[in-house]
2 protein chains.
Amino acid sequence: MGQALSPQDLSEFTPQEKSITLVEQVLVQIQTSIIKGELPAGSKINEQALAEKYGISRGPTREALQLLERQRLVVRVPHIGARVAALTVEELNDLYELRSTLEVMACELAAKRITEEQLNNLWQLLERQEAALNDGDSYFQQEGDVDFHYQIIRASGNRHLQETLIGGLYHLLRMYRYQCTNNSRRPVRAIAEHRRIVEAIAQRDAELAGLLMRRHIEQGRQNTEQRLKQLQAQTLAAKPQNVC
Amino acid sequence: MGQALSPQDLSEFTPQEKSITLVEQVLVQIQTSIIKGELPAGSKINEQALAEKYGISRGPTREALQLLERQRLVVRVPHIGARVAALTVEELNDLYELRSTLEVMACELAAKRITEEQLNNLWQLLERQEAALNDGDSYFQQEGDVDFHYQIIRASGNRHLQETLIGGLYHLLRMYRYQCTNNSRRPVRAIAEHRRIVEAIAQRDAELAGLLMRRHIEQGRQNTEQRLKQLQAQTLAAKPQNVC
DNA sequence: TAGGTACTAATTGTCAACAATATGCAATGT
DNA sequence: ACATTGCATATTGTTGACAATTAGTACCTA
């Protein structure tokens, strides 16, 4: 009886096309556009236009924008509209100040709670990163670094911490890093720091792991701040808005 | 000419009835219902019913629910629906673990950055709390305590920290406290702790202020955890779900 | 020319209907 | 009695139209 098509069978032919909601489909795309700067930082977002761009109506679009606001990539004002988050030095410092506190916490917790399996994954990621370093695969560097911090946060075991960092801060951090990356040889040093952090975690030395993470993040902040100031100086010079 | 009614003139007759959005009007009411338990923790929320209750349509209702999800008071699952957050001991510990880290950070920053005016407000609030203690005004105690922490968070000067704590965690904390408050004489002790924290901030002693805040919050956690366990034991005893 | 004012256009907020999905229940067969 | 199937109901996801508000523009006045 019945080799007939049940709804589940269809999944063989159209694999990951589950009954996903429109918002979920579109959210990542808009997110990426913002992080890469295709939707420029600080620019206005038109609901209608955005909806048409992805072939959906304004309802799901509004929901997506609200989710992006939760991720701090978008700022919405009633009756006025939505804007892409602006990148400023002041916010960068606030953001990294908070990030540092939270990831140090995550790192300390991870040193106490990480499982053997999670630790193995971390080692493997580290090796892949070190390998990619020789290949000069800069794209993998970006994603790999995100993954590194991501895995440690997961290993902390604190749900609210994970939600705060990954759901709330991480995408904005990605945006700063994507748009303020200079092609120095920071990766070499960064990955060396990664190794020492993993070693500390493996030795269950929470205090050391936290300390190393704090320094690691501070390095990243300085790097980003410097580049951001350069960029802003350039754009200000290019737009001499008032000739007094 | 024309003393005729311009839109602005109407505001004289209906004072603070600005053109506020429906979501803003309803959000606080639903929030309060959840925190007070009128919408029971863990219960399902029906969009249609909720919309009718406040005389609005499902559109704004959905937006309000999404905002409540950001505040962790509601959990939404696609195609399934929204539920009021469940109160569990495990989450309470995760929540307080994170809260402690963040408010210690806020306290340390406040000790460094607080203005004279903000400090005066803090002293005044403290005096009002101590006065209310003698009157036994327990409602003011609740709100006063919220205000105390709120003001310190504001004084930290870090926008992202404020958003994370006030926009993300605080309402869920209020829910735990409202529903897990025992009428012990904790307030007396709590306000004594408040005083010492303010003194440390006034002396610009960030380290001490942070330490005192950490202990203060840990006290609150223990208190709430104890009460929560009592409540859950009661409700489980009342519902002997399986008689094996 | 500067500043303010009525008008128009563009944009956001809200609603009600429709489509897609999940839930509950009765009937059926083993 | 138990699990499974199929249908009817209830709930959520999505859409397009309409209302309310803001932004832009031309015009007028001092």
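Quick note on labels: first sequence line is chain A, next is B, and so on, each numbered from 1. Side chains are part of it too, since the values below use all heavy atoms of this structure and drop only hydrogens, waters and symmetry mates. Only a predicted model underlies this, so the values are computations on that prediction, with no experimental measurement involved.
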Trainee: When you measure from the side chain of A:Gln179 to the backbone of A:Ile35, do you find a donor-acceptor pair of N or O atoms at a distance under 3.5 Å?
Mentor: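 The answer is yes, because a donor-acceptor pair under 3.5 Å joins these two groups.
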
Trainee: Between atom CG in A:Leu67 and atom P in D:dG13, what is the gap in whole Å?
Mentor: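 Computing the A:Leu67:CG to D:dG13:P distance gives 12 Å.
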
Trainee: Rounding to a whole Å, what distance do you find between B:Lys44:NZ and D:dA10:P?
Mentor: 14 Å

Trainee: Where along residues 73-83 of chain A does a heavy atom come under 4.0 Å from DNA chain D, residue by residue in number order?
Mentor: A:His79, A:Ile80

Trainee: Tell me whether the OP1 or OP2 atom of D:dT12 has a side-chain N or O from A:Thr21 closer than 4.0 Å.
Mentor: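 So the side-chain polar atoms of A:Thr21 never come under 4.0 Å of the phosphate oxygens OP1 or OP2 of D:dT12.
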
Trainee: Can any side-chain N or O of B:Thr32 pair as donor or acceptor with the backbone N or O of B:Val28 at less than 3.5 Å?
Mentor: yes

Trainee: Mind checking salt bridge (Lys or Arg N to Asp or Glu O under 4.0 Å) for A:Glu116 and listing every partner two or more places apart, or none if nothing turns up?
Mentor: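 A:Glu116 satisfies salt bridge (Lys or Arg N to Asp or Glu O under 4.0 Å) with A:Arg204 only.
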
Trainee: Check A:Val84 against A:Met175 and note the closest heavy-atom contact, atom names and distance.
Mentor: CG1-CE, 3.9 Å

Trainee: Would you call B:Glu47-B:Arg62 a salt bridge at under 4.0 Å N-O?
Mentor: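 The answer is yes: the pair qualifies as a salt bridge.
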
Trainee: Do A:Gln222 and A:Gln226 have side-chain N/O donor and acceptor atoms under 3.5 Å apart?
Mentor: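 On atom types as modelled, these side chains do not qualify, holding no pair under 3.5 Å.
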
Trainee: What integer distance in Å separates A:Glu24:CD from C:dT21:C1'?
Mentor: 13 Å

Trainee: Using a strict 4.0 Å threshold on nitrogen-to-oxygen distance, state whether B:Arg70 and B:Glu63 make a salt bridge.
Mentor: no

Trainee: Mind listing the residues from residues 46-63 of chain A sitting with a heavy atom below 4.0 Å of DNA chain C? Number order is fine.
Mentor: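 Hits under 4.0 Å, by residue number: A:Asn46, A:Glu47, A:Arg58, A:Arg62.
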
Trainee: In whole angstrom, give the distance that lies between atom CG of A:Leu22 and atom P of D:dG16.
Mentor: 11 Å

Trainee: Between A:Glu97 and B:Arg113, does any NZ, NE, NH1 or NH2 come within less than 4.0 Å of an OD or OE carboxylate oxygen?
Mentor: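 Salt bridge flag = yes for A:Glu97 with B:Arg113.
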
Trainee: Give A:Leu65 one of three labels, base, sugar-phosphate or nothing, depending on what nucleic acid heavy atoms sit under 4.0 Å from its own.
Mentor: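 Nothing, no nucleic acid heavy atom in range.
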
